[in-house]
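Report on the structure given below.
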Amino acid sequence: MSRQATPKPLPRADDVRLPAPFGQFIVKVHGRCNLACRYCYLYEGPDHTWRDRPAAAAPAVLDRTAHRIAEHAAAHGLRDLALVLHGGEPLLAGADRLAAFADRVRGLSPEGCTVHTTVQTNATLLTGPRVATLARHGIRIGISLDGGRPAHNSRRTDHAGRPSWPAASRGARLLADRHPDAYAGILTVVDPDTDPVEMYESLLELRPPALDLLLPHGNWTNPPPGLPPTGPGRPTPYGDWLVTVFDRWWRTGRRETRIRLFEECIALLLGLPGATESLGLDPVDAIVIETDGAIEQVDSLKSAYDTAAATGLDVFHHTFDDALRHPGVAARRAGADALAAACRACPLLTVCGGGHYAHRYRAENGFANPSVYCADLERLVRHVAARLSDATAGDRR
Ligand code: SF4
């Protein structure tokens, strides 16, 4: 816990109603990675907190984390919670260790609370026995790839510069062929320089049950790659890329795979609650536990500035209710109240929600700005709305 301030319990405020509880616990079981992707914001970005943390979470950290999660689930009567085993590369901790930790959280959680466990991996370390171990312990496996071709993944290399694709694609196919029930899906960061339809179809060949299309982390101070300067009528490369994939996905007439960003956008347009950090006004319900037991906000904040995700709390001295009271956590969960005036006045507010919190950052004034992707998000939301409107009129071209 080398980076923690002197740990002290936060003042109790039992008369103050707590915000909605956390439902997603992202546990850094291993804090290093066997790859060195050239765009990695965790190890190459402005945040350096990882350097002072242990590589792997010690057994005492994992055990305390399991107790804290169970405590939160009991205190709030959670019927479901998501446990995400993360890194770095979590499989560096060993499949047996992940399985034991998942079992521990499940065993301590109150009766009636279902623990949904996933591991998010770069897929290079997936072998038959490891996948079998994870599947046997009820752990679903999500993989991160930049596409379904070697060329798409050319920036995903190991520390010696060797391509990760041969091992990663082998891992992905193993999962699809032998353990489809344990296959959670693929997470891909959008690269507007790729052909969107070719990229989407290449990913489909790996038979993911779901796709997460993420915009690369960036902000007004450090703009994402290829984003033109802002101004009226600026090009929208990310929005254009996404609407092309949307049309390819929407017009198929059958569900080839789920795409969370699009499904959430449709739900929000229909007035239903959304459950993604990238859209909507619902409070983000995720909290991170680092390898030293520090309780932190989500990793994406680390793309803004050094220590941006820190709270000064840790599982040895603080509960997750303490984290709910933390001002930084509260700000990120404050919905429209935390948004810039331009967003609050925007007709797309309830669907876009100002976009991802980390993408609003500007060094001069913090996070009270529209998303750096504002024009791209507007392009996507208006396009999906138009397609929905066509569909309700009976036209699904
Ligand atoms: S980021 Fe842009 S599109 Fe989204 S709510 Fe704010 S002003 Fe509207």
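The residues of the chain are indexed from 1 along the displayed sequence. As the structure lists them, so they are numbered: ligands from 1, and atoms in each ligand from 1.
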Look at the side-chain heavy atoms of Ile, Leu, Val, Met, Phe, Trp and Tyr, link any pair under 4.5 Å apart, and say whether Val351 and Trp250 land in one connected group. yes
May I ask whether Gly355 has any heavy atom positioned less than 4.0 angstrom from an atom of ligand 1? no
Report the part of Cys343 (side chain from C-beta onward, or backbone N, CA, C, O) that has a heavy atom under 4.0 Å from ligand 1; answer both or neither where that applies. both
Any side-chain hydrogen bond (donor to acceptor under 3.5 Å, both in side chains) pairs touching residues 167-192, not counting sequence neighbours? Asp177-Arg207
Could you identify the single nearest non-hydrogen protein atom to atom 8 (Fe) of ligand 1 and state the distance to 0.1 Å? Cys346 SG, 2.4 Å
Which residue owns the protein heavy atom closest to atom 1 (S) of ligand 1, what's the atom, and how far is it? Ser371 N, 3.5 Å
Taking backbone and side chain together, does Cys374 place any N/O/S atom at a distance below 2.8 Å from atom 8 (Fe) of ligand 1? no
So Phe22 and Phe320, would you call those rings parallel, tilted or perpendicular, with 30° and 60° as cut-offs? perpendicular
Would you check if atom 4 (Fe) of ligand 1 lies under 2.8 Å from any N, O or S atom of Cys352? yes
Ring centroids only, cut at 6.0 angstrom: are Phe246 and Trp249 within range, meaning strictly under it? yes
Can you check whether Gly354's main-chain N or O pairs, donor with acceptor, with Arg360's side chain at less than 3.5 Å? yes
